[in-house]
Amino acid sequence: MRNKLGIWLTGAVAIVLLAAVVILSCLLVLREPLGTEDPMSDLALYYKNKCLSYSVQNIHHAKGQILFIGDSITDLYVLDDHYRDLPLATYNRGISGDTTQGVLDRLQVSAFDIAPSVIVLMIGTNDINGNYEKAGIFERYERIIDEIYKNLPDVTLFCMSVIPQNEVLETYSTVKVENTTKIIFEVNAHIKALAEEKGATYLDVFSLLADENNRLIKEYSDDGLHLNEKGLTVWTKLLKPYLEAECNKE
């Protein structure tokens, strides 16, 4: 009876805290309407509120589950649509606009506090589109892997390749795909080498999403940058057997 009461109280506290986060977010938005200031301030507000919501979710999320972390490509991935049948829960810790530095900064609240048994990492697109120095991307990605293994030495880590892009970028016209594609190849080669060196598993979803010109296949995206449901299904078909194998280990 005490255990049931404790679970009920924990859930009630989590609901109250989550409600407080939602109310706070609404107040902040009302105080500074979206679209009226620098667009980056909107993104920063979204980013801050996502991290705050994760800290609330951590109160009642189980440990030892499967965690996805990354940028908007992960953020838009409705995991229950693809992995509901797995015996382990899947938690989405993607944040739109995130970079390798952002993931580094939020590993504690996004991952370590709930100690997942599996982490699926896809990050780097915004670093590349933001013209960040490749050396910096490589260094930060390595630090992400090192921090994960330092804090979760028994975790299974899947490092996903950065996905291709397509010139049909109506919303992202500043991205020059002829330049980013070359860098994506270099970044993916480095991610693969790091994964092999550190004991992680590199999964090449780029090749499955790219056409003969190494552009993102149009039917897999609605904007040339993010994956639509067809594109996400390709990712799922690649990844799911690995996750099923991890679930069957115990």
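For this chain, numbers begin at 1 and follow the sequence in order. The shown structure was predicted, so the numbers you read here are calculated from the model rather than taken from an experiment. All values below come from the heavy atoms of this structure, side chains included, with hydrogens, waters and symmetry mates left out.
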ask   = Going by an N to O cut-off under 4.0 Å, is there a salt bridge joining Lys50 and Asp75?
value = yes
ask   = Quick one: is the NZ or CZ of Arg93 closer than 6.0 Å to the six-membered ring centre of Tyr54, and within 45° of its axis?
value = yes
message = Test side-chain contact (heavy atoms from CB on, under 4.5 Å) on Leu88 and Ser117; report intermediate values, then the result.
response = CA-CA 9 Å; Leu88 294 179; Ser117 61; 3.9 Å; yes
query = Looking only at side chains, do Asp127 and Thr125 share a donor and an acceptor under 3.5 Å apart?
reply = no
inquiry  = Using the rule that Ile, Leu, Val, Met, Phe, Trp and Tyr join whenever any side-chain heavy atoms are under 4.5 Å apart, tell me whether Leu67 and Ile145 fall into a single cluster.
reply    = yes
N/O donor-acceptor pair under 3.5 Å between Ser207 side chain and Asp204 backbone = no
inquiry  = How close do Pro241 and Thr236 get, counting heavy atoms only, and between which atoms?
reply    = CD-O, 4.2 Å
query = Do Asp98 and Tyr47 get their side chains close enough for a donor-acceptor pair, meaning under 3.5 Å?
reply = yes
inquiry  = As an exercise, state the distance from CG of Asp211 to CD of Glu219, rounded to the nearest 0.5 Å.
reply    = 10.5 Å
message = When you compare the side chain of Asn214 with that of Pro164, does any pair of heavy atoms fall below 4.5 Å?
response = no
key: Leu152 side chain reached by Ile119 side chain, heavy atoms, under 4.5 Å   = yes
inquiry  = Working note: Ile73 + Trp235, criterion side-chain contact (heavy atoms from CB on, under 4.5 Å); need CA distance, chi angles, decisive distance, verdict.
reply    = CA-CA 11 Å; Ile73 298 166; Trp235 184 359; 4.1 Å; yes
query = Has the side chain of Asn58 got a donor or acceptor atom that lies under 3.5 Å from a matching backbone atom of Val109?
reply = yes
ask   = Just by distance, with hydrogens left out, do Asp223 and His226 show a side-chain donor and acceptor under 3.5 Å apart?
value = yes
ask   = Is there side-chain contact between His82 and Leu79, with at least one heavy-atom pair below 4.5 Å?
value = no
request  = Output the distance between atom NZ (Lys230) and atom CG (Leu209), rounded to the nearest 0.5 Å.
outcome  = 13.5 Å
Working for side-chain contact (heavy atoms from CB on, under 4.5 Å), residues Leu76 and Leu227 = CA-CA 8 Å; Leu76 297 170; Leu227 298 178; over 6 Å; no
request  = Verify the cluster assignment for Val234 and Leu121: are they in a single hydrophobic cluster under the rule of side-chain heavy atoms below 4.5 Å apart?
outcome  = no
request  = Kindly say whether Val205 contributes a backbone atom to a donor-acceptor pair with the side chain of Ser161 at under 3.5 angstrom?
outcome  = yes
Test item: Ile123 and Ile69 side chains (from C-beta on) under 4.5 Å apart, heavy atoms = no
message = Check Lys182 with Glu186, please: is the shortest side-chain N to carboxylate O separation under 4.0 Å?
response = no
task = Assess the side chains of Gln165 and Asn129: does a donor N or O sit below 3.5 Å from an acceptor N or O?
result = yes
inquiry  = Please give me the minimum heavy-atom distance between Leu216 and Leu225, naming the atom from each residue.
reply    = CD2-N, 4.2 Å
task = Indicate the atoms forming the closest heavy-atom contact of Ile95 with Cys51, along with that distance.
result = CD1-SG, 3.9 Å
task = Report yes if the side chains of Val120 and Leu243 come closer than 4.5 Å at any heavy-atom pair, otherwise no.
result = yes
query = Out of curiosity, Leu238 CG to Met160 CE, how far, rounded to the nearest 0.5 Å?
reply = 5.0 Å
message = Is there a path of hydrophobic side-chain contacts, each under 4.5 Å between heavy atoms of I/L/V/M/F/W/Y residues, joining Met122 to Val103?
response = no
note = Here the gap from Ile184 atom CD1 to Ile163 atom CD1, rounded to the nearest 0.5 Å, amounts to 8.0 Å
message = For Asp85, is there an ion pair with Lys240 - N to carboxylate O distance below 4.0 angstrom?
response = yes
task = Please state whether the rings of Tyr242 and Phe158 are parallel, tilted or perpendicular, taking 30° and 60° as the class boundaries.
result = perpendicular
query = Side chains of Ile66 and Tyr91: does their closest heavy-atom pair fall under 4.5 Å?
reply = no
inquiry  = Nearest 0.5 Å, please: how far is NE2 in His60 from CD1 in Ile114?
reply    = 10.5 Å
query = Can you check whether Phe138 reaches Glu142 side chain to side chain, under 4.5 Å on heavy atoms?
reply = no
request  = Find out if a path of hydrophobic residues (ILVMFWY) with successive side-chain heavy-atom gaps under 4.5 Å connects Ile128 to Val177.
outcome  = no
remark   = In short, Ile191 meets Tyr202 closest at the heavy-atom pair CG2-CD1, 3.7 Å
query = Any side-chain heavy-atom pair from Thr181 and Glu178 closer than 4.5 angstrom?
reply = no
ask   = Does the side chain of Tyr132 come under 3.5 Å of the side chain of Thr100 through a donor N or O and an acceptor N or O?
value = no
task = Specify the closest pair of heavy atoms between Pro116 and Val155, including all atoms of both residues, with the distance to one decimal.
result = O-CG2, 3.5 Å
message = With no hydrogens and no angle check, just 3.5 Å: does a side-chain donor-acceptor pair link Glu244 and Asn248?
response = no
task = Begin with the C-alpha distance, continue with both residues' side-chain angles, and end with the deciding distance and a verdict on side-chain contact (heavy atoms from CB on, under 4.5 Å) for Thr90 and Gln65.
result = CA-CA 6 Å; Thr90 52; Gln65 307 301 301; over 6 Å; no
ask   = Out of curiosity, Asn151 CG to Asp113 CG, how far, rounded to the nearest 0.5 Å?
value = 9.5 Å
key: Exercise: identify the closest heavy-atom pair between Gly124 and Val162   = CA-CG2, 4.2 Å
message = With clusters defined by side-chain heavy atoms of hydrophobic residues (ILVMFWY) lying less than 4.5 Å apart, directly or transitively, does Tyr46 cluster with Leu52?
response = no
request  = Over 60° means perpendicular and under 30° means parallel, so classify the ring planes of Tyr83 and Tyr77, tilted if in between.
outcome  = perpendicular
